[in-house]
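Below is one structure, written out as structure tokens, with a few remarks after it.
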Amino acid sequence: MTSFQKRVFSGVQPTGTLHLGNYLGAIKNFVELQKEYECIYCVVDQHAITVEQNPNELRSNTLEVLASFIAAGVDYKEQIIFQQSSVAEHSQLAWVFNCVSRIGWLNRMTQFKDKAGKNRENVSVGLMVYPNLMAADILAYLATHVPVGDDQKQHLELSRDIAQKFNNDFKVDFFPLPEPLIYGNATRVMSLRDGTKKMSKSDASELSRILLTDSDDDISSKIRKAKSDSDLIPEDKDQLQNKPECLNLINILSACLDQSIEKTLAGYAGKEYSKLKNDLADTLIQVVGPVRKKILNLLDNKDELNKILQVGSEKASTIAGPIIKEVYKIVGFK
Ligand code: TRP
């Protein structure tokens with residue numbers, strides 16, 4: 001097996017303002033990974049249009065995601081941040097992968113089944129081949145490591161299957177089998193209204209999520225109104241299993257303070273929710289406040305953001321270009 005250079009790739013869809021789940025669950029990790037890896041982070045607008053998008057909103061959401069990456073601490077000078085649609089190699093490799101990947105594999109994808117629901121005959125073809133494009137994103141850079149949340153693990157396995165099948169079909173050792181990098185203790189930030197559902201930009205209730213652009217007052221009021229119960233906070237972690245809302249608040253606080261759930265819980269065992277909620281609101285204001293200010297500052301200068309994207313795509317093409325040339329030779333296009 002060829003040894004591949006260690007390289008991280010990840011993508012975030014520009015489908016709305018990012019929330020605390022995106023931040024604690026993904027972007028904070030993106031920042032950590034820069035210490036150890038060469039990192040490529042992509043705003044995946046081509047994935048976004050697999051379901052209907054408003055073009056103007058798509059454009060502004062793209063800049064917002066970019067601003068959020070930078071505000072959170074992604075170093076756009078050292079690393080690469082760019083917009084998927086401006087690097088044609090993604091689509092070029094995606095087409096090759098459409099011909100490597102199998103319909104049976106795509107039909108088994110839980111996310112596709114969930115999103116298509118009963119409407120299977122009427123969703124876009126793009127929604128079905130979404131995982132092939134994701135494989136192309138990663139493998140156009142021969143990336144070896146992909147930070148993903150739980151919900152994307154199956155897609156990453158598919159990327160490995162595609163890489164493996166390509167290598168077998170063409171009798172080459174060309175693509176690495178990318179490995180997941182599983183996040184720390186805040187993998188899953190849940191809805192503030194229902195501790196069994198993930199915090200999500202598509203939830204009908206605004207109170208269910210904290211946006212990175214929320215004001216300090218919004219943060220306090222959302223945490224105050226977060227669902228809890230009338231008991232006192234339990235003493236040990238096992239008792240949290242059937243108190244998903246309590247677990248979520250403790251989990252968020254632990255992630256913000258970079259400490260274990262056990263340690264956080266010890267400070268609140270036997271106390272009322274109001275204390276936990278007050279402390280959590282204060283901590284979140286300290287964590288989210290500076291990020292919000294930076295995002296809003298960056299969004300004030302759109303020309304600068306567009307320039308950053310431009311430089312990012314040029315750097316990305318420099319890596320992906322020669323790789324796609326090789327792929328074209330392998331499949332017999334050249
Ligand atoms: N599918 C991912 C999501 O919705 C986004 C994504 C697209 C991605 N391409 C990727 C993530 C490549 C990791 C690597 O979260």
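In listed order, ligands and their atoms are each counted from 1. The structure displayed is predicted, hence computed values, not measured ones.
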Inset, instruction - Identify, for atom 6 (C) of ligand 1, the protein heavy atom at the shortest distance, and state residue, atom and that distance. - result: G11 O, 3.8 Å

Legend entry - Subset of ligand 1 atoms that lie under 4.0 Å from at least one heavy atom of Y130: 1 (N), 2 (C), 3 (C), 4 (O)

Legend entry - Backbone N/O of F175 and side chain of N167: donor-acceptor pair under 3.5 Å: yes

Inset, instruction - With heavy atoms of Q13 as the reference, note each atom of ligand 1 found under 4.0 Å away. - result: 4 (O)

Inset, instruction - Report the part of D151 in contact with ligand 1, treating N, CA, C, O as backbone and CB onward as side chain, heavy atoms under 4.0 Å; options are side chain, backbone, both, neither. - result: neither

Legend entry - Ligand-residue contact atoms, ligand 1 with F9, heavy atoms, under 4.0 Å: 12 (C), 14 (C)

Legend entry - Closest protein heavy atom to atom 10 (C) of ligand 1, given as residue, atom name and distance to 0.1 Å: M134 CG, 3.5 Å

Inset, instruction - Enumerate the atoms of ligand 1 whose separation from the nearest heavy atom of V146 is less than 4.0 angstrom. - result: 13 (C), 14 (C)

Inset, instruction - Taking only heavy atoms of V44 into account, list the atoms of ligand 1 that are under 4.0 Å away from them. - result: 7 (C), 9 (N)

Inset, instruction - Say whether, by atom type as modelled, one donor and one acceptor occur between the side chain of S254 and the main chain of I250 under 3.5 angstrom. - result: yes

Legend entry - Element-labelled atoms of ligand 1 that are located less than 4.0 Å from some non-hydrogen atom of D137: 7 (C), 9 (N), 10 (C)

Inset, instruction - Among all protein heavy atoms, pick the one closest to atom 2 (C) of ligand 1 and tell me residue, atom and distance. - result: Q152 OE1, 3.4 Å

Legend entry - salt bridge (charged side-chain N to carboxylate O under 4.0 Å, His left out) between D258 and K28, worked out: CA-CA 11 Å; D258 273 321; K28 208 168 154 235; 3.4 Å; yes

Legend entry - Numbered atoms and elements of ligand 1 in range of H47, under 4.0 angstrom, heavy atoms: 7 (C), 9 (N)

Legend entry - Donor-acceptor contact below 3.5 Å, side chain N306 vs main chain K302: yes

Inset, instruction - Using a strict 4.0 Å threshold on nitrogen-to-oxygen distance, state whether K307 and D303 make a salt bridge. - result: no

Inset, instruction - Only one of H145, E36, E179 passes side-chain hydrogen bond (donor to acceptor under 3.5 Å, both in side chains) with K6; say which it is. - result: E36

Legend entry - Check: R193 side chain, E206 main-chain N or O, donor-acceptor pair, under 3.5 Å: no

Legend entry - From CA spacing to verdict: salt bridge (charged side-chain N to carboxylate O under 4.0 Å, His left out), D216, R292: CA-CA 10 Å; D216 293 353; R292 171 187 65 235; 2.9 Å; yes

